[in-house]
Amino acid sequence: MIITGTKEYFKGIGAIKFEGKESDNPLAYKYYDADRVVAGKTMREHFKFAMAYWHTLCNTGGDPFGPGTKIYPWSTNSDPNRAAREKADAAFEFITKMGFDYYCFHDFDLVDEAPTLLESERRIQKITTYLAEKQNASGVKLLWGTANCFSHPRYMNGAATNPDFNVVARAGAQIKIALDTTIALQGENYVFWGGREGYMSLLNTNMKRELDHMGRFLNMAKDYARNNGFKGNFFIEPKPMEPSKHQYDFDCATVIGFLREYDLDKDFKINIEVNHATLAQHTMQHELQIAANAGMLGSIDANRGDYQNGWDTDQFPNNILETTEAMLVFLKAGGLQGGGINFDAKIRRNSTDLEDIFLGHIGGADIFARALLIADKIRSVSPYEELLAKRYNSFDTGKGRAFESGELNFKDLYTIAQENGEVALQSGKQELFENIVNQYI
């Protein structure tokens with residue numbers, strides 16, 4: 001059901017339907033068929049597609065070299081509370097026309113921050129009530145909420161890791177309000193992104209103390225939310241740098257180590273962003289696999305970077321090879337744990353039509369759907385899984401199996417090596433694996 005407010009913002013655009021890959025309609029899905037069952041789940045269940053409030057509704061196309069190029073019809077009201085309601089109307093019109101079930105937000109995406117903490121809280125409470133009404137009318141749900149503790153000048157040296165306790169306290173108050181909002185809207189998860197939780201120079205940084213503070217802070221936030229009825233997952237979203245030179249949530253492996261050190265691993269999982277993975281010099285499938293290995297594959301922020309630009313460009317995903325390889329990991333891991341696919345992506349500065357917002361999301365949904373279909377076929381029809389298992393079959397029987405089960409010691413390995421003599425080379429068959437993936441694409 002399409003939900004609009006008193007004003008229709010995306011005029012001339014109706015519900016986006018699945019029409020199949022032969023369709024020439026740019027405002028139709030070619031591969032994303034929400035109710036199609038793949039590997040035991042519908043596409044809707046696999047993906048739980050979400051709209052990102054900040055990029056879809058707040059991004060005006062500004063960059064370091066010039067102001068925004070877009071004036072959205074929901075962003076012209078000078079009254080912050082009325083402007084927030086109009087933005088919510090546009091959000092739910094867009095989400096329901098797309099046929100998505102979820103959205104995500106930062107606190108001050110919903111409504112402009114006020115001069116005081118108390119007035120900011122009042123503004124957020126007002127828009128929370130309105131969003132709850134919109135959710136009830138549409139069936140749209142909140143995938144996750146979070147707090148923007150990185151844009152305001154007070155957070156120039158970080159939030160939870162700030163060397164000034166007064167800033168840490170202010171961040172705690174802001175996150176409390178964001179948690180209250182997420183709970184009130186029955187959010188399924190809550191995300192922490194440490195945009196400035198890191199350092200520019202170690203010369204003026206006590207890293208150990210800052211990490212201890214962040215561990216304590218996250219435990220406090222977790223305890224508060226649990227005590228107030230939050231049943232969902234907490235996610236940390238890794239990123240190696242930008243805006244900080246070095247961020248403490250560098251990549252999945254770093255985050256997993258941090259969570260285990262500070263006894264957070266039972267409540268926290270990882271929200272993995274494609275563009276952040278590549279900035280950390282990893283592939284998306286690498287980051288997915290690291291998280292899956294730890295049982296922490298929580299959620300995905302879908303986008304891509306630009307290989308000619310070494311920064312976070314947040315473009316809509318369109319690389320079928322990369323996404324297929326990611327979906328191979330996704331399916332083998334059994335999918336996501338609690339989260340979904342949030343389009344943390346923005347249309348380009350020179351894409352100025354409202355229609356372009358739809359085109360970006362349609363393309364993103366289709367690339368994930370097409371990759372899922374390909375990955376499922378590779379796993380179920382091709383020799384891919386058999387070949388992968390064959391590479392490790394020396395561990396399935398005999399001494400290899402004894403090694404895996406912990407029955408051997410280091411002297412045993414020495415004896416076995418002496419008995420074996422020189423080892424015959426075993427090809428990794430990388431080109432064959434690559435050809436299989438390309439064959440099914």
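One-based numbering along the sequence shown.
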**Message:** Suppose we call two aromatic rings close when their centres sit under 6.0 Å apart. Are F108 and H152 close by that rule?
**Reply:** no

**Prompt:** Is the NZ atom of K41 crowded by more than 12 outside heavy atoms at less than 6.0 Å?
**Reply:** yes

**Request:** Examine distances only and state if a side-chain atom of N420 and a backbone atom of E422 form a donor-acceptor pair shorter than 3.5 Å.
**Result:** no

**Prompt:** K87 side chain to D109 main-chain N or O, any donor-acceptor pair under 3.5 Å?
**Reply:** yes

**Message:** How about CD on E386, more than 12 heavy atoms from neighbouring residues, nucleotides or ligands closer than 6.0 Å, or not?
**Reply:** no

**Prompt:** With a 4.5 Å heavy-atom cut-off, do K239 and D312 have their side chains touching?
**Reply:** yes

**Request:** Assign the ring pair Y53 / F105 to parallel, tilted or perpendicular, where the plane angle (0 to 90°) is split at 30° and 60°.
**Result:** perpendicular

**Request:** Answer yes or no: is there a donor N or O on one side and an acceptor on the other, between the side chain of E237 and the main chain of V191, under 3.5 Å?
**Result:** no

**Prompt:** Once you round to the nearest 0.5 Å, how far does CG of D251 lie from NE2 of H282?
**Reply:** 4.0 Å

**Request:** Dump the intermediate steps for side chain to side chain contact (heavy atoms under 4.5 Å, CB included) on I341 and L336, then the final yes or no.
**Result:** CA-CA 9 Å; I341 309 290; L336 302 172; 4.1 Å; yes

**Prompt:** Is the side chain of W74 donor-acceptor paired with the backbone N or O of L57 at a distance under 3.5 Å, no angle test?
**Reply:** yes

**Prompt:** Any idea which heavy atoms bring E210 and P163 closest together, and the distance?
**Reply:** OE2-CD, 4.5 Å

**Asked** Got F192 and T146 here, is their nearest side-chain heavy-atom distance under 4.5 Å?
**Response** no

**Message:** Would the distance check show the side chain of K141 and the main-chain N or O of G139 forming a donor-acceptor pair, the cut-off being under 3.5 Å?
**Reply:** no

**Request:** Mind running side chain to side chain contact (heavy atoms under 4.5 Å, CB included) on Y31 and I367 for me, showing each step along the way?
**Result:** CA-CA 8 Å; Y31 294 93; I367 208 76; over 6 Å; no

**Prompt:** Any Lys/Arg nitrogen of D212 or K208 sitting under 4.0 Å from an Asp/Glu carboxylate oxygen of the other?
**Reply:** yes

**Request:** Measure across F343 and A365 and return the closest heavy-atom pair with its distance rounded to 0.1 Å.
**Result:** CZ-N, 3.4 Å

**Request:** Please confirm whether the backbone N or O of N275 pairs with a side-chain atom of T278, one donor and one acceptor, at under 3.5 Å?
**Result:** yes

**Side chain to side chain, H46 and L372, heavy atoms closer than 4.5 Å** = yes

**Prompt:** Using the ring of each side chain (for Trp, its six-membered ring), is W193 parallel, tilted or perpendicular to F150, with breaks at 30° and 60°?
**Reply:** perpendicular

**Request:** With rounding to the nearest 0.5 Å, note down the distance linking OG1 in T181 to CD in E121.
**Result:** 8.0 Å

**Request:** Please assess F358 against F94 for the test ring pair (Phe, Tyr, Trp, His ring centres under 6.0 Å), listing each intermediate value before the final yes or no.
**Result:** CA-CA 8 Å; F358 282 85; F94 176 79; 4.7 Å; yes

**Message:** Quick check: Y224 with F230 (ring centres under 6.0 Å apart)?
**Reply:** no

**Asked** Just how far is it from atom SG of C252 to atom CD1 of I272, taken to the nearest 0.5 Å?
**Response** 4.0 Å

**Message:** Using only atom types and a distance under 3.5 Å, with no angle test, would you say the side chain of T42 pairs donor to acceptor with the backbone of R36?
**Reply:** no

**Prompt:** Is it the case that N157 and N162 place a side-chain donor and acceptor less than 3.5 Å from each other?
**Reply:** no

**Asked** side-chain hydrogen bond (donor to acceptor under 3.5 Å, both in side chains) between E197 and T161: does it pass, once the steps are laid out?
**Response** CA-CA 6 Å; E197 311 293 22; T161 61; 2.5 Å; yes

**Complete:** Correct closest heavy-atom pair for V168 and A160 would be CG2-O, 3.8 Å

**Distance-only polar pair, side chains of E404 and Y392, donor-acceptor under 3.5 Å** = no

**Request:** Would you indicate whether the side-chain heavy atoms of L185 and Y103 approach each other to under 4.5 Å?
**Result:** yes

**Chi angles and distances behind the side chain to side chain contact (heavy atoms under 4.5 Å, CB included) call for F403, I416** = CA-CA 11 Å; F403 167 79; I416 293 167; over 6 Å; no

**Request:** Might you work through the side chain to side chain contact (heavy atoms under 4.5 Å, CB included) test for Y9 and T4, ending with a clear yes or no?
**Result:** CA-CA 8 Å; Y9 290 98; T4 62; over 6 Å; no

**Atom CE of M220: over 12 foreign heavy atoms under 6.0 Å** = no

**Message:** Are Y248 and F258, when compared by the centres of their aromatic rings, separated by less than 6.0 Å?
**Reply:** no

**N219 side-chain N/O to Y262 backbone N/O, donor-acceptor pair under 3.5 Å** = yes

**Request:** Could you tell me whether the side chain of L179 reaches within less than 4.5 Å of the side chain of N228, counting heavy atoms only?
**Result:** no

**Q337 side chain vs K269 backbone, donor-acceptor pair below 3.5 Å** = no

**Item:** Rounded distance [0.5 Å steps], CZ in F49 versus OH in Y102
**Value:** 13.0 Å

**Message:** Using 0.5 Å steps for rounding, measure from the CZ atom of R304 to the CG atom of N318.
**Reply:** 3.5 Å

**Message:** Tell me if the aromatic rings of H213 and F217 count as close, with their centers under 6.0 Å from one another.
**Reply:** no

**Item:** Within 6.0 Å of CZ in R226, more than 12 heavy atoms from elsewhere
**Value:** yes

**Message:** When you measure from the side chain of Y72 to the backbone of N59, do you find a donor-acceptor pair of N or O atoms at a distance under 3.5 Å?
**Reply:** yes

**Message:** Using every non-hydrogen atom in the two residues, find where D366 and Y32 come nearest and quote the distance to one decimal.
**Reply:** OD1-N, 2.9 Å

**Request:** Please check if any side-chain donor atom of D412 sits under 3.5 Å from a side-chain acceptor atom of T415, or the reverse.
**Result:** no

**Prompt:** Heavy-atom distance under 4.5 Å between the side chains of Y190 and I175, does that happen here?
**Reply:** yes

**Complete:** Correct closest heavy-atom pair for R260 and D265 would be CA-OD1, 3.8 Å

**Item:** Modelled atom types, side-chain donor and acceptor of Q289 and N293, under 3.5 Å
**Value:** yes

**Asked** Any side-chain heavy-atom pair from M284 and I300 closer than 4.5 angstrom?
**Response** yes

**Asked** Taking all atoms of both residues into account, what is the closest heavy-atom pair of A333 and A292, and its distance?
**Response** CB-CB, 3.8 Å

**Request:** Would you give the length of the straight line joining atom CD of Q186 to atom CD of Q135, rounded to the nearest 0.5 angstrom?
**Result:** 7.5 Å

**Prompt:** Applying the side chain to side chain donor-acceptor pair (under 3.5 Å) test to N303, which of E273, Q315, K346, H55 qualifies?
**Reply:** E273

**Asked** With a cut-off of 6.0 Å (strictly less than), are more than 12 heavy atoms of other residues, nucleotides or ligands near CG of D353?
**Response** yes

**Item:** Pairing of K134 and D89 as salt bridge, 4.0 angstrom limit
**Value:** yes

**Asked** Hey, does E261 have a side-chain heavy atom less than 4.5 Å from the side chain of L211?
**Response** no

**Item:** Residues, nucleotides or ligands: over 12 heavy atoms within 6.0 Å of K377 NZ
**Value:** no

**Request:** Please check if atom CZ in R348 has more than 12 non-hydrogen atoms from other residues, nucleotides or ligands closer than 6.0 Å.
**Result:** yes

